[in-house]
Amino acid sequence: MKNTVKVHGFHGGIHPPENKKQSTGAPISIAPLPSRVILPLQQHIGLPAEPVVSVGDKVLKGQLVAEAVGRISANIHASISGTVVAIEPHPVPHMSGMEAGCLIIESDGRDEWIEHQGLEDYTQLPKQELIEYIRRAGVAGMGGAGFPTDVKLHLGDDHIVNTLIINAAECEPYITADDMLMRERAEEVLGGIEIIAHLLKPLHIMVGIEDNKPQAIRALHAALDNSPLNLDIVITPTKYPSGGEKQLIKLLTGVEVPSGRIPADVGIVCQNIGTTTAIYRAVIHGEPLISRIVTVTGQAAGHKQNYEVRIGTRFADLLDHSEVRREQMHRLIVGGPMMGITVINEQIPVIKTTNCLIAGTIEEMPPQPPAQACIRCGMCEQVCPAELLPQQLHWFAKGKEFDKARHHNLFDCIECGACSYVCPSNIPLVQYYRFAKAEIRKEDEEQRKADHARIRFEARLERLEREKIEKEERRKQRAIEAAAAQAAKKDAALNIASSSAGNRPAAASVPDLKQLKSNAAIARTKLRKAEKALANAQEKGLDGIETLQATLQQLQVKSEQAEKAYADAQNAPALQQTPTAPVTDIKQLKSHAAIARTKLKKAEKQLAAAQETGDGDIDTLKAQVAELQAKSIAAEKAYSEAESGNSPVTTPGIDTTELEADIAALQSKVDKAENAWKAAVESGSPAADKMAAGVEKLKDKLKALQDELATARASASAAPATTVDSTALEADIMAMQSKVDKAENAWKAAVESGSPAADKMAAGVEKLKDKLKTLQDELAQINAGSTAKATSDSGTEAHVSIKELKQQVSIMRTKLKKAEKLQAELPEGEKDPALDAEIAELRARHDAAQALFDAAEAEKAAAAAQQGIDLKQLKIDAAMARAAVTKAERALSKAEQDHKQTLEEELLAARAEAEKLNSTLERFSE
Amino acid sequence: MSAVLIAVLVLLGLGLVFGILLGYSSIRFKVEGNPLVDQVDSLLPQTQCGQCGHPGCRPYAEAIVNNDEAINKCPPGGQGTIEALADLLDVEAIPLDAEHGEEQIKKVAYIREDECIGCTKCIQACPVDAILGAAKQMHTVIVSECTGCDLCVEPCPVDCIDMLPIETTLNSWQWPVPKSGVELIATDRNPGIALEADR
Ligand code: SF4
Ligand code: SF4
Ligand code: SF4
Ligand code: SF4
């Protein structure tokens with residue numbers, strides 16, 4: 001037997017002991033019918049198959065039980081007849097040792113074939129149909145990874161295939177499954193090759209076979225004499241890993257498949273010899289892939305030989321049959337000793353790619369000695385068939401320099417294990433490569449996902465932007481249309497509001513309410529603008545102050561009216577709660593109950609936390625929890641009542657508790673919105689709102705308890721917002737103060753160091769003076785504003801102006817301090833008399849502001865004392881009404897929009913405040 | 001003399017020609033936007049979670065490039081991202097700043113669907129539109145699109161969104177770092193020398 005083809009060589013390679021003779025002594029015998037088979041849904045590369053039978057179904061041998069999903073996937077057929085007893089996770093032959101979905105069939109002992117028939121003349125069939133026929137038989141590569149065969153057969157469609165290589169090298173030690181197959185079933189092998197050749201129409205067919213299988217070579221030659229095939233049986237020298245796809249191609253053709261390409265790119269297709277018989281059986285006999293040849297060997301095995309085994313047979317059954325001495329068996333290896341995996345669980349089944357089981361004794365498979373440091377002997381590099389630098393790769397993988405590993409062609413490594421085999425330091429090189437490959441793949445995947453997420457994120461932003469523009473346009477349209485009717489409506493609204501709210505028709509109340517609310521807001525804004533204009537005019541001594549004042553007064557009256565109308569209207573629906581919204585909406589009630597439950601849970605958690613840390617107002621919290629409990633129970637009750645058909649009654653109890661919870665929720669929402677908004681302002685990003693949760697989570701969590709307590713206390717003193725607001729304000733002021741101080745210090749340092757920038761300093765002083773001037777202007781404005789505000793004396797207004805006054809006082813104090821400092825720092829003799837005057841003025845203003853503030857506070861206190869609990873009661877009523885409104889709106893399934901509106905208004909107010917603060921701050925700390 | 005003149009003229013001419021060429025190409029091949037920001041942004045995990053203290057991944061990328069923001073503030077990206085950024089910007093890789101959260105295993109959101117009241121709040125929170133649903137209808141997360149950013153959990157009024165770790169399957173399983181001294185490979189290194197003899 002001489003080669004008719006020149007055999008080339010490949011780099012590296014090793015000669016491990018073959019250990020093949022042991023299992024070639026006996027012919028292939030049929031393994032006994034297993035009592036149950038376990039068919040993993042994924043026996044191949046690609047997606048797992050989808051079961052098409054269900055538990056309890058009777059199946060026949062060869063029946064399709066799981067169908068391929070997608071392009072790269074393979075059908076799975078029952079390998080015995082019987083009953084499907086389970087579809088569940090079961091250990092499978094995989095490096096991870098994990099469980100995966102399996103279909104378990106209990107045998108009925110009859111081993112009954114499903115009706116099947118081969119193709120009479122497959123050459124008559126169009127190629128596509130023939131390939132589809134093979135695909136349906138579930139044929140997947142039986143040598144290595146189990147690549148679905150039909151995919152490779154389709155390669156002829158878009159590639160020019162000039163060479164077909166049949167891989168019969170079987171280079172790994174111990175394994176003899178292909179060897180025996182060729183010896184005994186050479187006709188089937190050649191028949192299969194004929195079919196493949198028919199499909200791919202190669203110019204040249206070669207069978208690569210190692211020279212350690214003389215009998216197989218002889219059998220093939222004998223069969224070839226009766227075959228129409230024109231192929232070359234190429235005998236290659238025994239060397240591991242000549243069976244590697246790229247290595248075998250190099251051996252037979254001398255062509256090197258470029259890195260990152262598949263053989264088809266250079267016109268070559270490889271098929272495993274086992275796959276050819278599977279194709280033959282599928283096409284000629286119509287038998288799907290339900291059995292394969294498995295070598296059972298190893299020193300602990302009683303009969304070392306090849307068996308034809310049904311797919312799904314458990315290893316335990318096979319080992320029992322070949323009388324493996326378990327007490328001697330040290331390791332059970334699936335596959336060859338070089339590339340196989342060690343398994344512990346004998347319940348794992350044989351799958352389409354299982355070619356060998358080695359029951360090794362401890363002498364045969366000694367434990368790996370511990371790894372030592374690399375001595376840079378270069379042996380690994382000499383044996384690497386992929387011509388890589390294993391030692392380098394190892395360093396990179398170990399140091400997690402995956403990029404470098406990739407650039408050193410890590411992905412060309414076929415994980416043959418030759419380098420590990422020769423390494424005198426016992427370094428688990430292949431493991432490092434596998435790890436590095438996995439990491440790189442993961443990184444790539446993450447990158448891909450991130451890119452995908454970015455695309456989606458950007459698309460979303462675009463969409464939101466578009467929606468906003470559309471909305472804006474619609475709004476404008478509506479505004480134009482409504483402009484005419486607006487004036488009349490306003491009058492009507494005022495009339496309605498001043499009339500008794502109680503007897504208004506329920507249907508009209510809600511839309512009116514909205515209208516009133518925006519009316520009030522508009523009036524307020526106008527008033528504010530007028531105030532500003534007036535202040536401006538006063539300052540600059542312009543004419544027409546009288547007119548302005550008159551307008552202002554008018555506006556004030558209007559604003560008050562609008563506010564009153566709104567407040568009245570708000571009270572109205574609260575009273576009309578039940579008639580307005582007959583709470584027949586069970587779903588609504590259900591979600592109320594759910595929300596109540598959640599709130600209760602949260603409160604309980606907080607209480608627990610408070611108890612644990614031992615601080616905080618535990619009693620208040622407890623009370624809250626109790627309240628929430630009551631509320632939750634009430635909500636649940638309402639829900640169950642509604643569900644059982646009782647007419648739902650919204651009890652006052654629910655109203656109060658819900659109200660309080662709503663206040664808390666609203667408060668936190670406003671806080672959140674504020675924070676989000678602040679961030680947005682700073683970055684100017686449209687995505688700003690989204691960050692709120694992230695940034696504030698820490699702070700919020702830290703402060704959650706405090707806030708809760710504050711709210712609780714505040715609700716006790718009936719001023720829910722005061723505490724939080726003033727503290728927030730104070731914090732803001734403090735922050736500003738510190739910034740200002742910092743800026744000043746910097747300046748001071750510059751002066752002290754006698755920096756040559758004296759001119760600049762002078763300019764700075766000038767600038768500061770300017771700023772001072774602006775501040776004065778501002779102060780004048782504010783004074784005017786606060787005076788104006790002080791006159792309007794509704795409960796909330798007073799509260800707001802006091803707050804503002806306090807802020808103004810603080811600002812004044814800061815300005816004063818700064819000016820004083822500035823003056824003090826100016827070198828002696830350069831004292832600026834103008835500055836002195838300004839300081840005096842500032843001081844006066846500060847005192848005035850302080851006095852104003854004190855007065856306002858005293859007034860408020862007096863008013864509170866005068867009215868006694870009434871004020872408190874009023875506030876509670878107002879809050880209750882607000883909550884009731886929210887509730888009513890929710891009941892009318894308008895919760896979303898109105899909530900947003902409220903929030904938006906709050907936001908607007910917050911924004912104005914923040915802007916003011918910011919601008920002052922900026923001018924100060926420049 | 002004229003030789004010197006010619007040389008000067010030639011040099012002048014060359015300078016002129018190249019100047020025009022450069023000027024032209026700087027207009028012709030103008031790079032839009034800030035490519036470095038784009039590059040940094042492309043290394044960030046795009047969860048838009050804001051844990052870095054910026055309102056999204058791109059603002060953080062901008063801060064890194066323009067304001068010298070530290071590169072170790074992205075917990076979802078973890079050490080991998082920090083190293084990639086360090087590589088790109090040619091700075092020292094530093095450990096993750098724990099103040100902004102720890103690197104966690106990848107999670108995705110799941111909605112307990114029978115508890116969902118269909119308020120659509122989570123949809124509005126999700127930066128990548130990974131949640132499907134409509135008002136008053138049950139909502140669900142498209143797992144393959146979810147970046148695990150956490151942003152939908154907070155807004156849910158009935159707390160029915162869970163962040164669950166992604167399960168490993170056979171396809172997503174990956175090799176761990178090898179430990180030395182353990183049986184790592186089936187390689188029979190001093191294999192059956194005795195066995196070879198008895199065949
Ligand atoms: S495992 Fe990879 S690096 Fe080692 S010899 Fe084989 S191909 Fe080369
Ligand atoms: S064979 Fe082992 S010790 Fe020698 S260079 Fe390679 S990795 Fe280092
Ligand atoms: S579903 Fe939730 S966790 Fe997932 S991306 Fe959207 S907001 Fe983030
Ligand atoms: S936020 Fe919660 S309740 Fe609302 S739609 Fe989303 S999952 Fe459902």
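A note on names: the letters A, B, ... follow the listed sequences, proteins ahead of strands, and every chain is numbered from 1. These numbers come from the heavy atoms of this one structure, side chains and all, not from hydrogens, waters or symmetry mates.
Both the backbone and the side chain of B:Pro157 come within contact range of chain A, with heavy atoms under 4.5 Å apart. In this structure, the portion of B:Glu145 lying under 4.5 Å from any heavy atom of chain A is its side chain and not its backbone. For B:Ser42, the parts sitting under 4.5 Å from any heavy atom of chain A are the backbone and the side chain alike. At a 4.5 Å heavy-atom cutoff, A:Arg441 makes no contact with chain B through either its backbone or its side chain. Only the backbone of B:Cys146 comes within less than 4.5 Å of a heavy atom of chain A; no side-chain atom from C-beta onward does. For A:Glu439, the parts lying near chain B are the backbone and the side chain together; criterion is any non-hydrogen pair under 4.5 Å.
Proximity of a side-chain donor or acceptor of A:Tyr240 to a complementary backbone N or O of A:Gly417 within less than 3.5 Å is not detected. No donor-acceptor pair closer than 3.5 Å links the side chain of A:Glu172 to the backbone N or O of A:Gly335. A distance-only check finds a donor-acceptor pair linking the side chain of A:Arg454 to the backbone of B:Asp41 [under 3.5 Å].
The most heavy-atom pairs under 4.5 Å with chain A, out of B:Asp129, B:Asp159, B:Thr47, come from B:Asp129. With chain B as partner, the option from A:Ala438, A:Ser96, A:Ala453, A:Ala397 having the largest number of non-hydrogen pairs under 4.5 angstrom is A:Ser96.
Residues A:Lys449 and A:Glu445 are not paired through a salt bridge, judged by the lack of any N-O separation under 4.0 Å between the basic side chain and the carboxylate. For B:Glu83 and A:Lys400, the salt-bridge test fails: no basic side-chain N is under 4.0 Å from an acidic carboxylate O.
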Item checked: side-chain contact (heavy atoms from CB on, under 4.5 Å) between B:Leu44 and B:Gln46, worked out -> CA-CA 6 Å; B:Leu44 296 172; B:Gln46 303 299 325; 4.2 Å; yes

